[in-house]
Amino acid sequence: MGLERLVAVLQGTTSNYDTDLFTPLLDTIHQRSGARRYGGLVGSSPDASLDTAYRVLADHARALTVCIADGLYPGMSGAPLVLRRILRRAVRFSAEVLHAPAGLLASLVPSVAETLGAAYPELKQDTSQIMDVIEEGETAFLSSLVRGRRVIDRTLRKMGDRERFPADVAWSLHRSLGFPLDLVGLMLDEKAVTMDTEGLERLAKEEAEHSRGAAMGEAGAEPELDPHTLSELHRARVPPTDDSPKYAYTLDAHGKYAFPSGRATVLALSLGRSLVQEVGPGQRGFVILDRTNFYSEQGGQSCDQGFLVREGQQDVVLPVLDVRGAGGFVVHRVLVPECLRVGDRLELFVDQAQRLGCMVKHTATHLLMAALCRVLGPRTQQRGSHVAAQRLRLDVSVKGPLTDGQLAELDAAVQALIGRDEEVHTAELPLHQALQITGLRKTNEVYLDPVRVVSIGAHVEEPHSSDGTQHTSVELCCGTHLLRTGLIQDLVIVSERQLAKGISRLIAVTGQDAKQARAMGSALCEEVDSLCERSQAAPASLPVAQRQAKDIGRLTDVVDGATVPQRERRQLQQRLRALQRVANTRVRRLEDQAAAVQLRVVLAQSPDQMLLVDMIPGQPVTVLGKMVKLLSVERPHCSVMLLSSQPGGKVVCVCGVAQDLRNNLPAVDWALAVCAGMGGNAGGSAHIAKGIGNSSNLEEVIQMAVQYARSRM
């Protein structure tokens, strides 16, 4: 029984929401929203829907407040993504059901802190910060909520007699406007409309495949602008795309980034490998604009996500699926819900969370490379990289795998660089001038002229010393970067492996993901410490030893797959391997002892005979196997089958056949016949075999085994 239900029992209420854990929150919602008081109704009536909104806000405000105070922030993947969905669901109920003013959700934080502050004192200490995080998320989603409602209403009007809501529209709401799919479903349920779930599953699968490729740094599908199409564009005198607006973002005094929307004209459209004048509804076309604020995938950085809308028609959203560069053009791959024509005027909206995530990871990559040069030496070279919103990948030249000591030095160096919160400067210079900058780091790529220079810690125009004392990093780079490095907050290397001799691949996460990786590493260290302590005493029995060995194996799997600092992972893996060796030795020793004891009992009960079939209760197949092998030494002319019942009605068997009988009675045939009679299977050789099946009547199984063997002896 949880705290809320226990309080409900103690206070004599029939609902958690009638206890003093929730009534202060419900009162605050009433005061701030102007809605009628909470009545505790359930069902589908308008009054019941209002009370549902009360409960959603109260519950979600508590979850958000506690999670954010604990260091978990709304984000783009994993637990942060779940928290983001919780926030957006609460905002939707606040705005559309309670019709409350903006800021209601954040205003509930003090009430949560007052109610739970005695148990969680950090809630009262961080109230302002928690409110800021929630308010920022609420503000970001409110505009999307209004636009999304318009899209849904417009689509419903156009559906006519169609029964299911189009999957591509639902997916565009999810991908472009950040609507959780369950929220889209809820909004449609209120209209008695169902979604095209099969279509959604297909789109989700395609997105997952694209995301996996992006996570590995693999190029996605290139825009279908072949040389012929490019020639057509040049003959039509379509000018190259002006993509300078992608750098037009600002940072205010409170550390918030602003990414203004853009406006552009459609200059060309392509379907397949042909230029067209329009792209029809439901088609995926390539759009070339006169200017764009979208970043096209290049320089190892993932392209921007977002959406386009036609000017004056805000309820038609065109999701941008991919952005690439081709022959001086920025090509947007777009899903078109309604007809799009050359000459249309569009408004461009970049997914700000995804862009900011890429900016954080790209600037962090530069800092990580600078730290590598300091720890491993200035000859360390970058051999490749990929930057996505969730994590960064960096391939570097090294003499061998990084040692634990080097990883520790690297971690300390990166933390020191992040802690400086230095300004990031950029400048566009002629290539020959940029190459004269002392300390400039460049890769083996071919650079266009002019080039963009990114300098951390000093202006590009200032002299840079070769020993690095006047700057942190200076590189040729076309990517989008933070304006100050402090927003990185933290960086953790979660994977390091050798791609080839002399090339090491590093995977790192930043910010809250990095903090969570450190917390997970600490938690797993405690788990391993506890397991080591429990493993010090020798197990009293074979089942206890087997459980210990399985516990070690399960924890090893968790450590192998967890997102934790790589140095800690190696140390934990080393400790667990040592524990596993000890545990396996103990299991083998106890199995040998059990096999010897059980065999003495069997031999004492059975005279010297050519055929032995017996039941050994509660023994694993490994013990049965060792008994059969021991018996083949002590009674080489005896053929034996041992069976043992297991939990769940399963029966395991092991059999061995004397050498002079193996032609007529191969052990594998014997085991197969018996296990097939139990609905199971078996395998092995003519000498020894084992299998498994299901039976509640072992006496019948033993009789069947004896009859089969005697018929072939």
Side-chain angles (χ1 to χ4, degrees), residues 74-78 80-81 84-85 88 137 140-141 143-144 147-148 151 168-181 184 200 203-223 241 243 245-249 257-262 264 284-289 292-309 316-325 330-337 346-362 386-392 478-481 513:
M76 299 297 291
S77 62
L81 178 58
R84 182 174 182 245
R85 289 173 174 169
R88 295 192 162 197
F141 185 56
S143 61
S144 296
R147 191 185 303 276
V151 171
D168 54 352
V169 178
W171 188 253
S172 71
L173 289 169
H174 171 62
R175 193 181 190 278
S176 302
L177 298 181
F179 273 60
L181 289 174
V184 178
L200 275 176
L203 292 171
K205 184 178 180 180
E206 291 176 2
E207 178 74 10
E209 291 173 353
H210 181 272
S211 298
R212 279 194 296 271
M216 297 303 295
E218 299 170 356
E222 292 293 334
T241 310
D243 64 349
K246 67 188 178 186
Y247 299 125
Y249 49 88
Y257 281 83
F259 300 90
S261 61
R284 300 187 181 197
F286 297 100
V287 182
I288 296 175
L289 307 171
T292 183
N293 56 344
F294 277 75
Y295 184 88
S296 59
E297 180 154 340
Q298 57 184 314
Q301 179 176 324
S302 295
C303 66
D304 280 338
Q305 298 175 5
F307 61 95
L308 316 175
V309 296
V316 180
V317 175
L318 292 76
V320 176
L321 308 176
D322 196 14
V323 188
R324 304 280 171 146
V330 175
V331 185
H332 308 72
R333 188 162 66 96
V334 174
L335 177 62
V336 180
L346 301 176
E347 194 169 359
L348 291 64
F349 295 88
V350 167
D351 184 327
Q352 299 186 15
Q354 191 265 350
R355 162 69 82 85
L356 187 56
C358 287
M359 287 164 55
V360 168
K361 303 305 183 295
H362 208 149
H386 186 263
V387 173
Q390 292 77 29
R391 58 102 185 109
L392 65 90
C478 61
T480 57
H481 285 268
D513 289 338

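Only this structure's heavy atoms are used, side chains among them; waters, hydrogens and symmetry mates stay out.
Distance OG/S172 to CG/L177: 7.0 Å, rounded to 0.5 Å. Atom CD of residue Q301 and atom NE2 of residue H386 lie 9.0 Å apart, to the nearest 0.5 angstrom. Atom CG of L308 is separated from atom OG of S176 by 8.5 Å, given to the nearest 0.5 angstrom. The structure places CG of L203 at 10.0 Å from CG of L181, a figure rounded to the nearest 0.5 Å. Atoms SG and CG, on C303 and D322 in that order, are 4.5 Å from each other to the nearest 0.5 Å. Summarising the geometry, atom NE2 belonging to H481 is positioned 7.5 Å from atom OH belonging to Y249; distances are rounded to the nearest 0.5 Å.
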**Request:** Determine, stepwise, if the pair H174 / L200 fulfils side chain to side chain contact (heavy atoms under 4.5 Å, CB included).
**Result:** CA-CA 10 Å; H174 171 62; L200 275 176; over 6 Å; no
**Request:** Kindly determine whether F294 and D243 satisfy side chain to side chain contact (heavy atoms under 4.5 Å, CB included), including the steps that lead there.
**Result:** CA-CA 7 Å; F294 277 75; D243 64 349; over 6 Å; no
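The aromatic rings of F259 and Y257 lie parallel to each other, their planes meeting at an angle below 30°, with 60° marking the opposite boundary. Note: F349 and F307 have parallel aromatic rings, judged against thresholds of 30 and 60 degrees for the angle between ring planes.
D513 is linked by a salt bridge (charged side-chain N to carboxylate O under 4.0 Å, His left out) to nothing, counting only residues two or more places apart in sequence or in another chain. Residues satisfying the salt bridge (charged side-chain N to carboxylate O under 4.0 Å, His left out) test with R355, not counting sequence neighbours, are D304. Listed by chain and number, the residues in a salt bridge (charged side-chain N to carboxylate O under 4.0 Å, His left out) with D168 amount to none (sequence neighbours excluded).
Taking the side chain as every heavy atom from C-beta outward, L289 and L348 approach each other to under 4.5 Å. Within the 4.5 Å cutoff, the side chain of V317 has no heavy atoms near those of the L173 side chain.
In plain terms, the two heavy atoms of P245 and T292 that are nearest each other are CD-O, 3.5 Å. The heavy-atom pair separating A353 from D351 by the smallest distance is N-OD1, 3.2 Å. When all heavy atoms of V330 and S296 are compared, the pair lying nearest together is CG1-CB, 4.2 Å. Considering every non-hydrogen atom in both A248 and P260, the closest pair reads O-CD, 3.2 Å. Here the closest non-hydrogen pair linking K361 and Q390 is CE-O, 3.4 Å.
Judged purely by atom type and a 3.5 angstrom limit, R85 has no side-chain atom pairing as donor or acceptor with the backbone of P74.
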